[in-house]
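Reviewing the structure listed below.
All ligand and atom numbering here is 1-based and tracks the order in the structure. What you are looking at is a predicted structure, and each value in this text was computed from that prediction instead of being measured.
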Amino acid sequence: MTVKDVPIGSKEVIVAAGPCAIESEEQLMTAAKAVKEYGGKLLRGGAFKPRTSPYAFQGLGIEGLKLLKKAGEAFGLVTVTEVVDQHDLDAVAEHADILQIGARNMQNYPLLIAVGKSKKPVVLKRGSSATIDEWLLAAEYILAQGNNNVILCERGVHPLDRNHTRYTLDLSSVPVVKTLSHLPVIVDPSHACGNWRYVSAMSKAAVAAGADGLIMEIHPCPSEALCDGAQALNLDLYAKLMGELRAIAVAVGRSLA
Ligand code: PEP
Ligand code: MN
C-alpha cells in the first residue's frame with residue numbers, strides 16, 4: 001500500500017514518530033522537524049486521547065487535528081492519529097492521512113465498520129488482551145467493507161509484571177502475522193515498554209523480527225509531556241536510534257530512509 005508517496009509493507013522499513021498527544025504548535029512542529037530530519041516518514045500525534053482517568057488531559061480535539069495537518073504539510077510527512085469515537089470520524093478523516101484504532105477500541109465493531117467504510121488507511125492496534133486471531137478478525141471487519149488499507153500494529157499485551165514494563169511486547173506476533181496474513185505489520189515499542197529506556201532495544205528487535213515499520217513516541221521535552229512522557233524518546237535519542245535502525249534494516253535485507 002502507498003499512502004501519499006510512502007510505501008508501507010514494502011522492502012523499506014517506515015518509521016512513524018511524534019508525541020503521544022499534540023499539545024501545542026511549537027511542540028508538534030519541533031517534533032515533526034526532527035521526525036523528518038532523521039528519516040521518519042510518518043508523523044503521529046493524538047488529538048483525541050483515550051485516557052484511563054477522565055481527569056487526565058484528553059487532547060486538543062479539532063484544534064489538534066488542524067495542527068497535525070499543518071505540521072504534516074509543512075514537513076512533507078504522512079500523518080496518523082487516533083479516532084476514538086465514530087462521531088469524530090469525518091473530522092479525523094478530513095485532517096489526517098491515516099486513521100489509528102487504539103488498543104482499547106480493537107473490538108469496537110461499529111467503529112471498525114465505520115473506518116472500513118471511510119476507505120482511509122487504518123493502523124489497527126492489537127488489543128492488550130486480544131489473541132492474534134481476534135486481532136486478525138478485527139482487521140477483517142475493516143477489510144470486509146472494501147477497505148484494503150489496513151496496517152496491523154503490535155503494541156504489547158497484558159503483562160505478567162507491571163513493575164518494569166507497561167505491557168509485554170509480543171514480538172512473536174510479527175512473524176506469525178506475516179505467515180497468516182498479507183497485511184503490513186508495524187510495532188509500537190513505546191506503549192509496550194512504557195519506559196523510554198527500553199524503547200531503542202525493542203525497536204531494533206522489531207526491525208530484526210521483520211516488522212514493516214515502527215510507531216514510536218518522541219517529545220522535545222519528555223519531562224513536560226502532558227501524556228506518556230515516561231515512554232517518550234527525546235529528539236537526540238530518536239536521532240541516534242534511527243541511525244542504528246538503518247543498519248539493522250540493511251542486515252535483514254530491508255532499507256530505511
Ligand atoms: C497511542 O498510540 O497514543 C495509544 C493510546 O496507544 P494504544 O491504543 O496502543 O494504547
Ligand atoms: Mn501514548
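- The pair E25-K70 meets the salt-bridge criterion, since a charged nitrogen lies less than 4.0 angstrom from a carboxylate oxygen.
- Counting heavy atoms from C-beta outward, N147 and V115 have side chains that stay 4.5 Å or more apart.
- Near-neighbour remark for the Mn ion (ligand 2): protein N, O or S atoms under 2.8 Å are C20 SG, H191 NE2, E217 OE2, D228 OD2; waters not counted.
- Using the six-membered ring where Trp is involved, Y141 and Y109 have ring planes that are parallel, under 30° apart on the 30 and 60° scheme.
- Within 6.0 Å of CG on D85 lie more than 12 heavy atoms contributed by other residues, nucleotides or ligands.
- Compare K125, M106, R155 by their heavy atoms: the one nearest to atom 6 (O) of ligand 1 is in K125.
- Annotation: D228 places no N or O atom under 3.5 Å from an N or O atom of ligand 1; distance criterion only.
- Heavy atoms from other residues, nucleotides or ligands lying under 6.0 Å from NZ of K119 number more than 12.
- In this structure a side-chain-to-backbone donor-acceptor pair under 3.5 Å is present from T79 to D97.
- Numbered from 1 in the order shown, with element, the atoms of ligand 1 that lie under 4.0 Å from a heavy atom of E217 read 3 (O).
- Regarding atom 2 (O) of ligand 1, its nearest protein heavy-atom neighbour is R44 NH1, 2.8 Å.
- The contact set between ligand 1 and E82, taken as ligand atoms under 4.0 Å from a residue heavy atom, comprises 5 (C).
- The closest protein non-hydrogen atom to atom 4 (C) of ligand 1 is H191 NE2, 3.4 Å.
- Judged by distance alone, the side chain of S128 and the main-chain N or O of V157 form no donor-acceptor pair under 3.5 Å.
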Practice item. Just do the side chain to side chain contact (heavy atoms under 4.5 Å, CB included) check on I218 and L235 with the steps written out, would you? Key: CA-CA 7 Å; I218 68 170; L235 306 184; 3.8 Å; yes

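- Under the 3.5 Å distance criterion, the side-chain polar atoms of T2 are left unmatched by any main-chain donor or acceptor of D5.
- Shown are E154, Q107, K125; of these, the side-chain contact (heavy atoms from CB on, under 4.5 Å) with W135 is made only by E154.
- Evaluated by nearest non-hydrogen atom to atom 3 (O) of ligand 1, the leading choice among R166, E154, K49, R126 is K49.
- Per-residue contacts place G102 under 4.0 angstrom from the following atoms of ligand 1 (heavy atoms of the residue considered): 8 (O).
- By the salt bridge (Lys or Arg N to Asp or Glu O under 4.0 Å) test, K49 pairs with no residue at all, sequence neighbours left out.
- In terms of protein heavy atoms, atom 8 (O) of ligand 1 is closest to A103 N, 2.8 Å.
- Not a single N or O atom of D188, backbone or side chain, sits closer than 3.5 Å to an N or O atom of ligand 1.
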